[in-house]
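Note that the coordinates shown come from a computational prediction; the quantities given were computed from them, not determined experimentally. Starting from 1, each residue takes its place in the sequence as its number. One-based numbering, in listed order, for ligands and for the atoms of each.
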Amino acid sequence: MAQGFDAYTPTWCPGCGDWGIRVGIKTAFTQLGLDPSKVFIGFDIGCSGNMNDFLNGYAMHTLHGRSLATMLGTKMANHEMKTVVIGGDGGLYGEGGNHFMHACRGNHDITAIVHDNMVYGLTKGQVAPTAEKGYKSNSTPAGIIEMPINPLALAISQGATFVAQGFAGQLPQLIELIKAAISHKGFALMNILQPCVTFNKVNTYHYYLEHAYKLEDSYDPTDLKAALAKSAEVYEEKFPLGIIYKADRPAFHEQWPQLTTNLFSRERHTDFDEMLRAFV
Ligand code: SF4
Ligand code: MG
């Protein structure tokens with residue numbers, strides 16, 4: 001959907017929610033004072049992946065749905081890097097749904113920023129896993145038969161320790177949420193409601209202005225049952241914005257014996273020969 005391409009501008013459609021998300025991510029990185037040489041970003045396939053060329057940091061454009069699996073590997077290889085995954089609902093909840101579930105279970109120290117627009121925008125608007133049952137698209141002219149994925153409930157129930165939802169049209173709050181997600185130790189889901197202005201004529205900016213709302217100040221994100229109840233509001237077409245769930249548990253790499261007590265701990269072993277001798 002390229003329009004107005006130049007070397008410095010992503011090829012997103014004018015008005016796409018990705019523009020707001022891009023500003024949100026850049027601003028959050030800047031305000032957190034992240035060193036670009038200490039950030040590693042895995043991009044999934046899709047319109048969101050177009051950001052790969054426009055964010056300063058180490059980055060990799062992975063295969064369809066494989067960004068989380070790839071970045072779990074890089075995090076284990078170098079757990080000192082701030083590791084972020086940027087993808088769409090199609091890539092991370094559909095093609096990579098299995099990886100998503102297990103990244104949550106492991107509480108891997110990764111922030112997954114998901115552009116949730118209910119369609120596969122890059123390939124012309126086929127229906128994606130978060131679309132409401134009955135949603136009509138070119139690939140489902142009579143409406144989608146399956147029930148939608150509930151990403152917030154899925155992440156919470158599978159062990160993610162930070163789950164937030166933002167809206168691409170609500171930038172000040174989105175920046176704060178992305179900063180909180182990136183600062184969290186453990187698996188953080190930052191689900192962003194992102195209107196695809198070209199292919200999704202249902203979930204528009206106007207739709208979210210009517211159906212999304214900021215969480216009340218009194219809301220307690222450490223209450224698991226309350227978080228699951230908030231996640232279920234999507235079935236009433238209500239979209240809470242804010243930190244839905246937060247828990248404090250050790251991340252995967254903090255519990256992995258090979259890193260904490262044994263061979264590959266950087267603190268314990270700097271001598272490669274010594275590491276080799278452990279195997280013979
Ligand atoms: Fe265009 Fe939709 Fe892709 Fe945005 S998500 S660039 S509006 S096709
Ligand atoms: Mg999508």
Side-chain angles (χ1 to χ4, degrees), residues 1-26 41-55 61-68 84-100 112-140 143-144 146-152 154-155 165-171 174 178 189-209 211-212 234 239:
M1 297 311 300
Q3 294 195 21
F5 174 80
D6 63 51
Y8 307 101
T9 309
T11 54
W12 293 318
C13 307
C16 173
D18 287 351
W19 294 102
I21 298 175
R22 177 200 185 204
V23 173
I25 293 173
K26 280 199 172 218
I41 309 162
F43 289 90
D44 216 277
I45 301 294
C47 293
S48 58
N50 197 259
M51 210 183 294
N52 194 359
D53 296 327
F54 307 98
L55 264 185
H61 210 150
T62 71
L63 292 174
H64 299 72
R66 306 298 168 235
S67 52
L68 267 174
V84 179
V85 164
I86 296 176
D89 52 333
L92 295 181
Y93 303 146
E95 295 155 320
N98 189 33
H99 302 306
F100 179 80
I113 299 176
V114 185
H115 302 221
D116 183 1
N117 59 14
M118 288 82 171
V119 293
Y120 287 87
L122 188 69
T123 49
K124 298 208 177 300
Q126 297 90 342
V127 72
T130 51
E132 196 177 335
K133 184 172 170 57
Y135 179 91
K136 292 181 180 172
S137 71
N138 289 339
S139 61
T140 53
I144 184 170
E146 293 99 327
M147 288 291 289
I149 294 269
N150 183 329
L152 308 181
L154 179 63
Q165 182 158 262
F167 171 40
Q170 201 45 271
L171 202 47
L174 182 61
I178 294 173
L189 170 63
M190 179 68 253
N191 191 66
I192 306 177
L193 306 169
Q194 177 248 316
C196 169
V197 294
T198 298
F199 292 114
N200 188 335
K201 304 300 183 188
V202 178
N203 308 103
T204 60
Y205 286 100
H206 187 71
Y207 172 87
Y208 286 121
L209 288 173
H211 292 269
V234 67
F239 297 85

If you define the side chain from C-beta out and look only at heavy atoms, does anything of L122 sit under 4.5 Å from C47?
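Heavy-atom side-chain distance check passes, below 4.5 Å.
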
With the threshold set at under 4.0 angstrom, would you say H115 reaches ligand 1 through any of its heavy atoms?
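It does not; every heavy atom stays at 4.0 Å or beyond.
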
Side chain, backbone, both or neither: the part of N117 lying under 4.0 Å from ligand 1 by heavy atom:
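The part of N117 near ligand 1 is the side chain, not the backbone.
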
Report the part of C47 (side chain from C-beta onward, or backbone N, CA, C, O) that has a heavy atom under 4.0 Å from ligand 1; answer both or neither where that applies.
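Only the side chain of C47 comes within reach of ligand 1.
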
I'd like to check the side chain to side chain donor-acceptor pair (under 3.5 Å) partners of Y205; sequence neighbours left out, ordered by chain and number.
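With sequence neighbours excluded, Y205 shows a side chain to side chain donor-acceptor pair (under 3.5 Å) to no residue whatsoever.
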
Cut-off 3.5 Å, side chains only: do Y207 and N200 have a donor facing an acceptor?
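Y207 vs N200: no donor-acceptor pair found between side chains.
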
Please could you name the atoms of ligand 1 that [X] approaches to less than 4.0 Å, counting only its heavy atoms?
X    : result
T198 : 1 (Fe), 7 (S)
W12  : 6 (S)
F199 : 8 (S)

Counting backbone and side-chain atoms alike, is an N, O or S atom of C16 positioned under 2.8 Å from atom 2 (Fe) of ligand 1?
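No - counting backbone and side chain alike, C16 has no N, O or S atom under 2.8 Å.
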
Quick check: closest heavy atoms across C16 and Q194, and the distance to 0.1 Å?
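Minimum heavy-atom separation between C16 and Q194: SG-NE2, 3.3 Å.
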
Is the NZ atom of K136 crowded by more than 12 outside heavy atoms at less than 6.0 Å?
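Check fails, neighbour count at 12 or below.
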
